[in-house]
Amino acid sequence: MKTFRLQIDGRETDIAAHSDTSLFASMTRAGVAWPVSCRNGTCRTCIARLLQGQVRYEIPWPGLSPEEKDEGYCLPCVARPMSDVVIARA
Ligand code: FES
């Protein structure tokens with residue numbers, strides 16, 4: 001397991017984001033509120049813009065189109081960090 005920094009655009013506090021847990025889990029552990037519902041990558045309630053960094057998914061096809069991935073959207077409930085990450089509400 002590696003630990004990266006998760007930043008939410010516009011907030012000054014960094015969150016420790018572990019490579020083996022979702023960005024949403026890291027936010028929850030840090031006490032940061034984020035919209036969430038299904039927690040399995042299908043409903044898109046948690047959708048965010050990935051402004052910096054890389055994530056990976058434990059499920060084969062999270063609820064994002066290839067175009068949305070290319071445009072920098074991510075689903076924090078199932079996205080796990082592969083580097084330091086900066087996200088923003090979509
Ligand atoms: S909470 Fe449903 S896709 Fe993330």
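Just so you know, ligand 1 is whichever comes first in the structure, and atom 1 is the first atom listed for that ligand.
Here 2 is the count of protein N, O or S atoms positioned under 2.8 Å from atom 2 (Fe) of ligand 1, waters not counted.
Using a 4.5 Å heavy-atom threshold, the side chains of I8 and I15 count as touching. Side-chain contact between L75 and C46 is present, with at least one heavy-atom pair separated by less than 4.5 Å.
By the side-chain contact (heavy atoms from CB on, under 4.5 Å) test, Q52 pairs with V86, sequence neighbours left out. Under the side-chain contact (heavy atoms from CB on, under 4.5 Å) criterion, E12 pairs with no residue at all, not counting sequence neighbours. By the side chain to side chain donor-acceptor pair (under 3.5 Å) test, S83 pairs with no residue at all, sequence neighbours left out.
The neighbour count for R11 CZ, taken as heavy atoms of other residues, nucleotides or ligands under 6.0 Å away, does not exceed 12.
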